[in-house]
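To keep things clear, I will list the structure first and then write my remarks on it.
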Amino acid sequence: MRPLNKLSSTVLALLTAGACVETQAVEPANLILGPMYVAPTVDTRLQYTDNLFRSPDDKKTSGFSVIRPRVQAWLENGFDTYSFTYTLTDYRYFNSDDDDFVDHQFNIDVHHEFNARNVWNVYGEFLDGHQQRGTGLSEGLAVKLIDEPIEFERITAGTDYTIGSQSSKGRAVLTAKYHDTEYQNFRRRTRYRDYDQYVVDGTFYWKVASKTDIVAEMSYQEARYDLVNPLQSSSDSEEYNYLLGVSWEPTAKTSGSVKLGWYERSYESEQREDSDGFSWAVDVSYSLRSYSVFNLQSSRSTQESNGRGDAVNTQTTRLAWNHTWTSRSSTNLAATFSNQDTAGSTRQDDVYAVQVKYNYAMRRWLDLGIGYSYEERKSAIDQYDYDRNTIFVEAKFSL
């Protein structure tokens, strides 16, 4: 949806003009309307970047604002919860009016506990959103072929069922998800990228100590595209992932999980090359002190390509440090490295990102913040190279 008016940019500038710090989680005072709880919040951010479209050259600088009001309403019935959330995100660019946009997101979540050993969740999402120019289908030189963001609609539906509890000797979690992505403009270019994705996942936990489980996970995902580009072969695919590892609940110093395994990806078209290889998922936290925590995340995953090649095999590692200095202030430092190898193409990217934030909880209902981020992509294909510096101030409000 196109933007409403220019008022939001002015409002954000006024709200964040005095901010010198970045947000911690506000503590909303919920409205009680009969049996229903309602929690409205507003997140605001004012940013400046020196490379708006992530271009290798002819970089465009711009300030821009992001205003994100959110309303969550929920009912509770014992241990059961039924919730609805609406989020509007308004983007305004000071030097590029054509990129102004408003996203709408609707979420429904149902949590039902039959008993302590049988828990069922059902959830759904509808997103009327966009890809910022220079990302997604408009990466590299493709950004010069369009004059506004690429719009899309995505529907997500899912459910999971847990058999057993945290204290059980054995526990199983079964998950099923469905995603439907459909682009809304530049149809000559985007119509071949509309697709449905199905995901089924089963995870089994076996307790070997009071806080430690052996974990076995198997997942299946399938992608089906609505149309086949007559100049290419079908991109329809399926992939299996098998992981085995260990997870543990928080101890005095650490918590997390480490899973290692194998993946196998195959394509409907014989013109595309099947692949397989080592796979992993690591998420470990280490508490240097109770107020100073390091977190390491590393994984291998597969993403659908943007039309070039078959699929993107992504290996990502992220190290973050969160330190609380006082009851009101904290800092966050994160560094990420990602290697993205596009199968069936010569494209291979190394992506680096660093972000530093300072947070200050000014009031129960107001968090403030300031930060800086740096991104750099080095690609085997020059048109996808870029570097980008961004500074920002934030304010987060609740009742």
Side-chain angles (χ1 to χ4, degrees), residues 1 4 7-8 11-12 14-16 18-46 65-91 102-116 118-129 154-162 165-166 249-250 290-291 293 322 324-330 332 357-371 392-399:
M1 178 179 294
L4 303 176
L7 176 60
S8 59
V11 171
L12 179 66
L14 292 173
L15 293 177
T16 58
C20 60
V21 281
E22 208 259 0
T23 61
Q24 301 187 131
V26 295
E27 299 178 7
N30 303 324
L31 296 173
I32 302 177
L33 304 177
M36 182 179 296
Y37 296 87
V38 179
T41 59
V42 179
D43 299 348
T44 65
R45 176 179 279 202
L46 185 63
S65 66
V66 182
I67 298 182
R68 182 175 289 114
R70 177 185 294 110
V71 178
Q72 182 179 20
W74 70 95
L75 297 169
E76 295 181 351
N77 180 19
F79 293 108
D80 300 339
T81 305
Y82 312 88
S83 69
F84 169 81
T85 305
Y86 168 66
T87 306
L88 180 150
T89 308
D90 182 89
Y91 299 83
V102 177
D103 290 350
H104 299 274
Q105 181 176 331
F106 303 85
N107 292 83
I108 296 177
D109 296 273
V110 177
H111 174 82
H112 183 73
E113 297 189 18
F114 297 96
N115 52 53
N118 290 271
V119 179
W120 184 35
N121 294 302
V122 180
Y123 46 90
E125 177 185 275
F126 173 74
L127 174 60
D128 179 7
R154 185 177 66 224
I155 298 173
T156 300
T159 183
D160 63 72
Y161 195 96
T162 301
S165 65
Q166 293 284 348
E249 299 176 35
S290 60
Y291 50 83
V293 180
N322 300 319
T324 301
W325 299 95
T326 69
S327 61
R328 291 181 178 270
S329 65
S330 65
N332 311 116
K357 298 194 295 183
Y358 177 71
N359 317 302
Y360 187 76
M362 178 169 284
R363 297 287 188 272
R364 175 197 58 78
W365 49 269
L366 172 61
D367 289 344
L368 301 174
I370 189 169
F392 59 88
V393 289
E394 293 184 338
K396 186 176 294 186
F397 301 86
S398 71
L399 293 178

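Since this is a predicted model, take the numbers as computed values, not measurements.
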For the [atom1] atom of [X] and the [atom2] atom of [Y], what is their distance to the nearest 0.5 Å?
X    : Y    : atom1 : atom2 : answer
Y291 : N322 : OH    : CG    : 14.5 Å
E113 : N118 : CD    : CG    : 10.0 Å
N359 : L368 : CG    : CG    : 10.0 Å

* To do: For the pair R154 (side chain) and L127 (backbone), establish whether a donor and an acceptor sit closer than 3.5 Å, ignoring hydrogens and angles.
  => no
* Under 3.5 Å: donor-acceptor pair, side chain of R328, backbone of A361 -> yes
Contacts of type side chain to side chain donor-acceptor pair (under 3.5 Å), residue [X], not counting sequence neighbours:
X    : answer
Y82  : none
D80  : H112
T41  : none
T156 : H179

So do [Y] and [X] actually touch side chain to side chain, heavy atoms under 4.5 Å?
X   : Y    : result
T89 : V66  : yes
D43 : E394 : no
N30 : W74  : yes
T44 : S65  : no

Acceptor/donor pairs from residues 119-126 side chains to any protein atom, 3.5 angstrom cut, sequence neighbours excluded:
{"residue": "W120", "atom": "NE1", "partner": "T159", "partner atom": "OG1", "Å": "2.7"}
{"residue": "N121", "atom": "OD1", "partner": "H111", "partner atom": "ND1", "Å": "2.7"}
{"residue": "N121", "atom": "ND2", "partner": "D160", "partner atom": "OD1", "Å": "3.0"}
{"residue": "E125", "atom": "OE1", "partner": "Q105", "partner atom": "NE2", "Å": "3.1"}
{"residue": "E125", "atom": "OE1", "partner": "N107", "partner atom": "ND2", "Å": "3.1"}

If you look at every heavy atom in [X] and [Y], which pair is closest and at what distance?
X    : Y    : result
V293 : S290 : CG2-O, 4.5 Å
P40  : L399 : CG-CD1, 3.5 Å
M36  : A73  : SD-CB, 3.8 Å
S398 : P28  : OG-CA, 3.5 Å

* To do: For side-chain contact (heavy atoms from CB on, under 4.5 Å), just list the numbers for I67 and V42, CA-CA rounded to whole Å, side-chain angles, deciding distance to a tenth of an Å, and then say yes or no.
  => CA-CA 7 Å; I67 298 182; V42 179; 4.3 Å; yes
* Asked: More than 12 foreign heavy atoms under 6.0 Å from CZ of F79: is that the case here?
  -> no
* Asked: For F84, which residues count as a side chain to side chain contact (heavy atoms under 4.5 Å, CB included) partner, sequence neighbours excluded?
  -> Y86, F106, I108
* For side-chain contact (heavy atoms from CB on, under 4.5 Å), just list the numbers for Y91 and D103, CA-CA rounded to whole Å, side-chain angles, deciding distance to a tenth of an Å, and then say yes or no. => CA-CA 8 Å; Y91 299 83; D103 290 350; 3.7 Å; yes
* To do: Tell me, with the steps shown, if I32 and Y37 meet side-chain contact (heavy atoms from CB on, under 4.5 Å).
  => CA-CA 5 Å; I32 302 177; Y37 296 87; 4.0 Å; yes
